[in-house]
Chemist: 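Before we start, here is the structure in question, set down as structure tokens.
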Amino acid sequence: MRASQLLLPTVKEDPAGAEAVSHKLMVRAGLIRQLAAGVYVFLPAGWRVMRKIEAVIREEMEAIGGQEMLYPVVNPAEIWQQSGRWQTIGEELFRFKDRKGADMVLAMTHEEVVTWLAAREIHSYKQLPQLWFHIQTKERDEARPKSGLLRVREFIMKDSYSLDADFAALQRSYDKHIAAYDRIFARCGVNARRVLSDPGMMGGGISHEYMAPSEAGEDEIVLCQKCGYAANVDLAVAGPEPAGAAAAVTGGGQEGPREIHTPGMRTIDDVAAFLGIEPRELMKSLVVVSQESGPLLVALRGDRDLHEGKLRRIVGEFRLATPDEVVAAQGVQPGFVGPVGTSLPVLGDEALRGGVFTGGANRADYHLAGISADQVVGEYHDLRLVRGGDPCPECGGPLAGERVIEVGNIFQLGTKYSRPMGATFSDEQGVERDIVMGSYGIGLERIAATAVEQHHDEHGICWPAAIAPFQVHLLVVRAADPSQAALAEELYATLAERGLDVLFDDRDLSAGVKFKDADLLGCPVQVVVGKRAAERMVELKRRAGGDRRDVAADDLAAAVAAALGAS
RNA sequence: CGGGGUGUGGCUCAGCUUGGUAGAGCGCUCGGUUCGGGACCGAGAGGUCGGCGGUUCAAAUCCGCCCACCCCGACCA
């Protein structure tokens with residue numbers, strides 16, 4: 001490809017509002033343009049990256065027996081009603097009516113279509129297992145698109161679906177995907193690890209997410225260096241607090257609580273600073289309203305945050321009480337709420353057990369010191385969000401926290417979809433049974449963006465070789481110089497003959513512009529035809545690391561191949 | 001959905017507080033000089049100031065409503 005004929009609109013300035021490095025660089029390098037919030041156009045070079053990622057994924061899916069097909073984006077509402085997701089998914093699902101007034105949806109994933117297909121075409125155990133996949137646009141009306149390609153409303157996903165006769169077979173399909181995913185991420189140069197996840201809207205049993213460490217990530221995981229436990233904090237179980245961790249004391253615990261004047265001190269930080277104690281010595285009291293059981297008081301140690309999912313599993317749907325409701329229930333404004341003397345049921349986090357704390361006095365401008373958790377908490381549960389530094393729930397070792405980008409996920413769906421949608425088969429005994437399913441996703445733009453997040457420097461992107469828009473960026477310093485131009489043309493032809501993807505910057509521009517563009521775009525190997533063209537010498541530079549050396553033109557193809565192998 | 005912010009040539013932004021003939025840098029076009037790290041000189045083109053309504057002799061500027069986009073939170077795989 002000749003740069004003179006390629007739409008590669010690089011820009012000097014960061015796009016307005018961009019925060020994530022990958023967002024800035026992908027726009028600046030001329031790979032993408034934003035059409036609407038969370039909706040992007042892929043320009044030629046950007047699309048080349050996507051197609052290379054797609055090719056890697058396709059190869060690895062075929063290698064484990066995947067059969068590629070294509071499912072429609074436009075779905076009739078019926079199948080989504082059958083699976084139940086028409087009801088359970090909220091505004092994230094794009095819905096519309098066709099001209100006849102029939103409800104339709106834009107698919108955000110394809111369990112429904114796959115199960116519909118399976119229900120029609122799979123009848124016998126002899127047809128199992130099946131492994132189906134497709135690579136297609138997905139539509140999700142994200143509440144808050146952000147960070148360039150990291151969180152969008154329209155994106156391309158490889159999703160595969162396994163159909164098996166039983167759970168043992170599902171586990172085999174699952175394991176095949178694990179192996180394939182490890183290879184896919186490795187080949188794409190993305191550092192990602194598999195962690196336990198919360199199945200969320202996909203439903204079903206075991207699931208894992210592939211998480212790529214990055215500051216730009218929106219998720220957080222904890223991992224144990226000692227035993228390898230790794231989980232999304234959405235799911236992570238809190239390990240037991242070390243003995244005595246809760247036992248900090250302010251004021252005597254024996255003789256009971258004692259009032260302290262704390263005028264206007266409403267937040268944990270305010271109170272701690274005012275009293276000269278640590279947040280962990282405080283008890284945080286939240287009033288929540290459960291749909292089923294009404295108002296409740298939830299108590300946590302002052303330095304801990306509530307994990308809403310954990311509370312939801314215990315009390316069902318709930319919301320934080322409004323200030324008016326707090327006053328109605330506790331007789332005091334938020335900020336001075338406490339468990340002593342409350343009429344509400346009190347749920348306490350395990351980290352409070354056995355400790356003595358300072359908490360709200362249920363009286364404006366007063367707190368109580370010396371509250372014994374065991375005397376006020378009705379039930380203890382694991383309610384806190386796990387964070388780095390906590391003990392591992394498996395082995396007690398310290399957990400490290402890490403921000404990550406979710407680049408893929410795998411779910412053991414079981415019969416969650418096959419049962420309601422009637423996808424069954426006859427087993428060896430002629431007994432009709434539900435197909436056991438799994439679903440497996442990988443987001444292509446997330447791989448692209450993550451690769452940029454993980455591989456860049458102050459000059460631009462440093463693409464992993466397998467997914468770079470071009471393998472080689474060939475540029476002539478002076479296109480107007482006949483000997484330089486002639487040698488560059490010759491090398492362009494030679495490299496292309498070797499089957500290499502070459503971007504040839506033949507533009508008659510000042511050298512600086514071309515160097516800057518090449519670094520921004522980030523192809524793994526750069527070849528510079530310059531001053532020494534007459535001697536048939538060129539410069540070879542590896543983008544990552546920046547090492548450069550002179551190479552004889554006749555040895556270039558071999559040198560490029562070697563450099564690519566090392567990238 | 002709650003809170004905050006922004007919308008001015010293609011891009012990044014200034015101008016708005018205190019109303020009075022719309023600016024800069026980059027990019028683009030033409031001419032010339034340059035030519036190994038986003039060159040220089042000269043000459044140009046290009047904007048109903050997000051939209052609608054209001055106040056005013058006069059609105060980019062003040063007021064109201066709407067729209068879009070960004071950030072924080074909620075939500076989410």
Side-chain angles (χ1 to χ4, degrees), chain A residues 9-20 23-24 27-30 33-39 85 88-93 108-109 111 138 140-148 150-153 155 157 159 195-204 207-211 217-219 221 232 234-235 305-306 308-309 312 317-320 322 404-411 439-443 445-446 458-460 475-481 484-485 505 507-521 526 528-533 538-539 541 546 548 550:
Chain A
T10 56
V11 287
K12 289 185 193 174
E13 278 152 318
D14 287 335
E19 304 263 313
H23 186 190
K24 293 177 185 173
V27 170
R28 290 224 292 130
R33 288 293 183 265
Q34 182 176 352
L35 174 64
V39 180
R85 290 160 105 192
T88 55
I89 297 179
E91 294 184 304
E92 203 180 340
L93 183 63
M108 54 198 296
T109 164
E111 281 75 10
K138 298 283 183 289
R140 294 187 190 178
D141 197 357
E142 277 285 345
R144 191 146 95 76
K146 59 182 284 200
S147 306
L150 286 174
R151 191 174 175 89
V152 290
R153 294 194 294 173
F155 58 98
M157 186 182 220
D159 39 327
V195 309
L196 270 175
S197 81
D198 183 340
M201 74 166 187
M202 305 301 300
S207 68
H208 291 87
E209 291 166 319
Y210 283 81
M211 299 301 213
E218 298 182 75
D219 285 288
I221 60 171
N232 192 317
D234 285 349
L235 182 79
D305 292 319
L306 174 66
E308 298 190 3
R312 193 168 292 121
E317 277 306 319
F318 74 92
R319 58 181 173 77
L320 279 177
T322 63
V404 293
I405 297 165
E406 181 192 352
V407 286
N409 49 45
I410 54 179
F411 299 94
S439 91
Y440 316 85
I442 285 187
E445 19 298 80
R446 282 205 178 165
E458 68 272 29
H459 302 295
L475 67 88
V476 222
V477 171
R478 288 197 61 177
D481 178 314
Q484 289 188 23
D505 195 342
R507 296 174 301 172
D508 188 14
L509 294 175
S510 73
V513 173
K514 295 197 262 193
F515 286 130
K516 291 289 185 189
D517 276 355
D519 286 350
L520 239 194
L521 221 211
Q526 295 175 9
V528 180
V529 178
K531 285 185 283 228
R532 302 184 66 192
V538 298
E539 186 176 286
K541 173 182 159 186
R548 55 179 81 187
D550 285 348

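Since we're looking at a predicted model, the values are computed, not measured. Numbered from 1 within each chain, the chains take letters A, B, ... in sequence-line order. The figures here come from the full heavy-atom set of this structure, side chains too, leaving out hydrogens, waters and symmetry mates.
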Chemist: State which residues pass ring-ring contact (aromatic ring centres under 6.0 Å, His included) with A:Y440; sequence neighbours excluded, sorted by chain then number.
Modeler: A:H177
Chemist: B:A58 pairs with which nucleotide, Watson-Crick or G-U wobble, both distances below 3.5 Å?
Modeler: none
Chemist: Send over the distance from A:L475 CG to B:C35 P, rounded to a whole Å.
Modeler: 18 Å
Chemist: Tell me, please, which residues at least two apart from A:K138 pass side-chain contact (heavy atoms from CB on, under 4.5 Å).
Modeler: A:H110, A:H134, A:Q136, A:F155, A:M157, A:D159
Chemist: Looking at B:G37, B:A77, B:C72, which one has an atom nearest to any side-chain atom of A:F515?
Modeler: B:G37
Chemist: Assign A:Q34 to base, sugar-phosphate, or nothing according to its heavy-atom contacts below 4.0 angstrom with the strands shown.
Modeler: sugar-phosphate
Chemist: Nearest heavy atom decides the nucleotide; on that basis, is A:S510 or A:P15 closer to the 5' end of RNA chain B?
Modeler: A:P15
Chemist: If a protein heavy atom is under 4.0 Å from the base, mark B; if only from the sugar-phosphate, S; if neither, -; do that for nucleotides 42-47 of chain B going 5' to 3'.
Modeler: ------
Chemist: For A:E218, what residues pass the side-chain hydrogen bond (donor to acceptor under 3.5 Å, both in side chains) criterion, not counting sequence neighbours?
Modeler: A:R151
Chemist: Holding to side-chain contact (heavy atoms from CB on, under 4.5 Å), I want the full list of residues that pass it with A:Q484, two or more places apart in sequence or in another chain.
Modeler: A:V476, A:V477, A:R478, A:D481, A:V529, A:A533
Chemist: Not counting sequence neighbours, which residues clear side-chain contact (heavy atoms from CB on, under 4.5 Å) with A:R507? List them please.
Modeler: A:A3, A:S4, A:D505, A:L509, A:K514, A:D517
Chemist: Would you kindly compare A:A36 and A:A16 by the position of their nearest RNA chain B nucleotide and give the one closer to the 5′ end?
Modeler: A:A16
Chemist: Look for any protein N or O under 3.5 Å of an N or O in nucleotides 23-27 of chain B and output each such pair with its distance, or none.
Modeler:
from	atom 1	to	atom 2	distance (Å)
B:G25	N2	A:E13	OE1	3.4
B:C26	O3'	A:K12	NZ	3.4

Chemist: Excluding sequence neighbours, so at least two apart, what forms ring-ring contact (aromatic ring centres under 6.0 Å, His included) with A:H208?
Modeler: A:Y174
Chemist: Taking atom C1' in both B:C49 and B:G7, what distance in whole Å separates the two?
Modeler: 9 Å
Chemist: Going by side-chain contact (heavy atoms from CB on, under 4.5 Å), name the residues that satisfy it together with A:R153, two or more places apart in sequence or in a different chain.
Modeler: A:A36, A:A37, A:V39, A:D141, A:E142, A:P145
